[in-house]
Amino acid sequence: MTKEASGLESSPGPDSKSQTGSGSGQDSSDLTTEGADSGDGGGTPTPEPQADPLEQLELNDHGNEQVDKGESAIFQDLSSDEEYAKLTATNVRTNFKCTADDAPESINGQYVALSFDVNAFDALNNSGFTELYFSVHDFRAWDGDGEKVIDVVGNAESCISEDERIQTPILPGNEASGLVVLDVPEGDGSASFTLGGFEGAYGWEWSW
């Protein structure tokens with residue numbers, strides 16, 4: 001199963017109204033408006049609102065799609081099924097031991113390392129994003145009680161070497177693999193990636 005996402009919203013078409021005239025040389029009192037005040041429904045019907053593509057997504061309490069380890073999350077246009085990128089968390093490690101020399105202790109309680117494979121397809125150019133940024137700064141996290149973690153970066157950027165970190169931005173037609181390390185409270189929790197890191201936008205969420 002894949003997870004789908006789209007930043008597109010749909011909107012109903014504009015209201016329309018028709019009016020015809022009868023005869024020639026008549027003043028405005030001789031004009032007849034079709035369906036006006038007739039009560040017979042003869043006027044142009046109001047277009048029905050189009051379905052919002054986002055309604056087909058099953059979002060969790062944090063407003064994200066829940067994704068399991070090893071499962072692919074697909075960034076795509078839900079209306080056309082055009083795929084822009086694929087994200088796969090191949091591993092999630094809690095109480096991660098830093099590999100960088102002189103790495104500082106976690107501020108929030110523990111480091112969690114997520115291993116990702118990210119593929120940016122050529123069609124990413126059609127999504128409104130010309131490149132894909134994928135770093136700890138684009139993630140949000142929650143503790144086991146569902147409370148949002150204020151600072152998921154903490155000391156995480158000093159935990160691993162640059163070679164271990166997933167290299168971004170990722171350009172269309174390219175792929176990258178590597179780690180994203182978060183500084184989060186001990187115990188259970190979850191984290192989500194949101195395109196551009198936009199607050200209030202939905203994304204994909206992984207739990208541990």
Side-chain angles (χ1 to χ4, degrees), residues 1-3 5 60 62 64-76 83-125 127 129-144 147-199 201-208:
M1 182 178 69
T2 60
K3 298 291 181 180
N60 62 19
H62 301 146
N64 300 307
E65 285 193 275
Q66 192 69 41
V67 189
D68 294 329
K69 181 179 68 174
E71 182 180 9
S72 293
I74 303 297
F75 171 39
Q76 72 178 64
E83 296 186 354
Y84 303 135
K86 179 174 69 174
L87 326 169
T88 308
T90 58
N91 199 8
V92 179
R93 288 174 280 178
T94 59
N95 295 308
F96 179 74
K97 303 302 181 183
C98 292
T99 57
D101 294 336
D102 301 321
E105 294 293 325
S106 163
I107 291 176
N108 294 315
Q110 69 166 328
Y111 291 116
V112 172
L114 298 95
S115 301
F116 277 102
D117 291 337
V118 180
N119 297 77
F121 304 134
D122 290 331
L124 181 65
N125 284 315
S127 71
F129 293 88
T130 57
E131 52 193 10
L132 188 62
Y133 283 89
F134 202 85
S135 76
V136 62
H137 297 279
D138 302 301
F139 279 75
R140 294 193 285 270
W142 295 264
D143 64 18
E147 295 294 325
K148 186 177 180 180
V149 180
I150 301 302
D151 178 17
V152 299
V153 178
N155 286 330
E157 290 190 298
S158 301
C159 183
I160 58 176
S161 67
E162 189 66 24
D163 291 340
E164 294 173 287
R165 187 176 295 113
I166 191 166
Q167 301 300 302
T168 67
I170 306 168
L171 300 178
N174 287 272
E175 58 186 57
S177 298
L179 295 177
V180 174
V181 178
L182 310 175
D183 192 335
V184 295
E186 294 180 346
D188 297 340
S190 63
S192 71
F193 167 75
T194 305
L195 287 161
F198 294 128
E199 187 71 28
Y202 78 92
W204 299 272
E205 187 169 336
W206 296 266
S207 297
W208 55 81

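Throughout, residue positions are numbered sequentially from 1 according to the sequence presented. What you are looking at is a predicted structure, and each value in this text was computed from that prediction instead of being measured.
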Nearest 0.5 Å, please: how far is [atom2] in [Y] from [atom1] in [X]?
{"X": "Phe121", "Y": "Leu132", "atom1": "CZ", "atom2": "CG", "result": "11.0 Å"}
{"X": "Thr168", "Y": "Asp138", "atom1": "OG1", "atom2": "CG", "result": "7.0 Å"}
{"X": "Trp204", "Y": "Thr88", "atom1": "CH2", "atom2": "OG1", "result": "11.5 Å"}
{"X": "Trp206", "Y": "Leu87", "atom1": "CH2", "atom2": "CG", "result": "5.5 Å"}
{"X": "Leu182", "Y": "Gln110", "atom1": "CG", "atom2": "CD", "result": "9.5 Å"}
{"X": "Asn91", "Y": "Leu114", "atom1": "CG", "atom2": "CG", "result": "8.5 Å"}

Closest heavy-atom contact between [X] and [Y]?
{"X": "Lys86", "Y": "Ser72", "value": "CD-OG, 3.6 Å"}
{"X": "Leu171", "Y": "Ala120", "value": "O-CB, 3.5 Å"}
{"X": "Ala113", "Y": "Leu179", "value": "CB-CD2, 4.5 Å"}
{"X": "Asn125", "Y": "Pro172", "value": "OD1-CG, 3.5 Å"}
{"X": "Cys98", "Y": "Ala103", "value": "CB-CB, 3.5 Å"}
{"X": "Ala100", "Y": "Ser161", "value": "CB-N, 4.3 Å"}

Inset, instruction - Can you establish whether the number of heavy atoms outside Glu105 located under 6.0 Å from its atom CD is more than 12? - result: no

Inset, instruction - Would you mind listing every side chain to side chain donor-acceptor pair (under 3.5 Å) that reaches into residues 170-180, with sequence neighbours excluded? - result: Asp117-Ser177, Asn119-Glu175

Can you name the ring pair (Phe, Tyr, Trp, His ring centres under 6.0 Å) partners of [X], sequence neighbours left out?
{"X": "Trp208", "value": "none"}
{"X": "Phe96", "value": "none"}
{"X": "Phe134", "value": "Phe116, Phe139, Phe193"}

Inset, instruction - Indicate whether the side chain of Ser207 and that of Gln66 have a donor and an acceptor atom separated by less than 3.5 Å. - result: yes

Using a 3.5 Å cut-off and no angle test, enumerate the donor-acceptor pairs between side-chain atoms of residues 183-192 and protein atoms at least two apart in sequence or in another chain.
from, atom 1, to, atom 2, distance (Å)
Asp183, OD1, Ser106, OG, 2.5
Asp183, OD1, Ile107, N, 3.3
Asp183, OD1, Asn108, N, 3.0
Asp183, OD2, Ile107, N, 2.9
Asp183, OD2, Asn155, N, 3.0
Ser190, OG, Glu205, OE2, 2.6

Inset, instruction - Any pair with a residue in residues 155-165 that passes salt bridge (Lys or Arg N to Asp or Glu O under 4.0 Å), sequence neighbours left out, goes on the list, sorted by first then second residue, please. - result: Glu162-Arg165

Legend entry - Val136 side chain reached by Val181 side chain, heavy atoms, under 4.5 Å: no

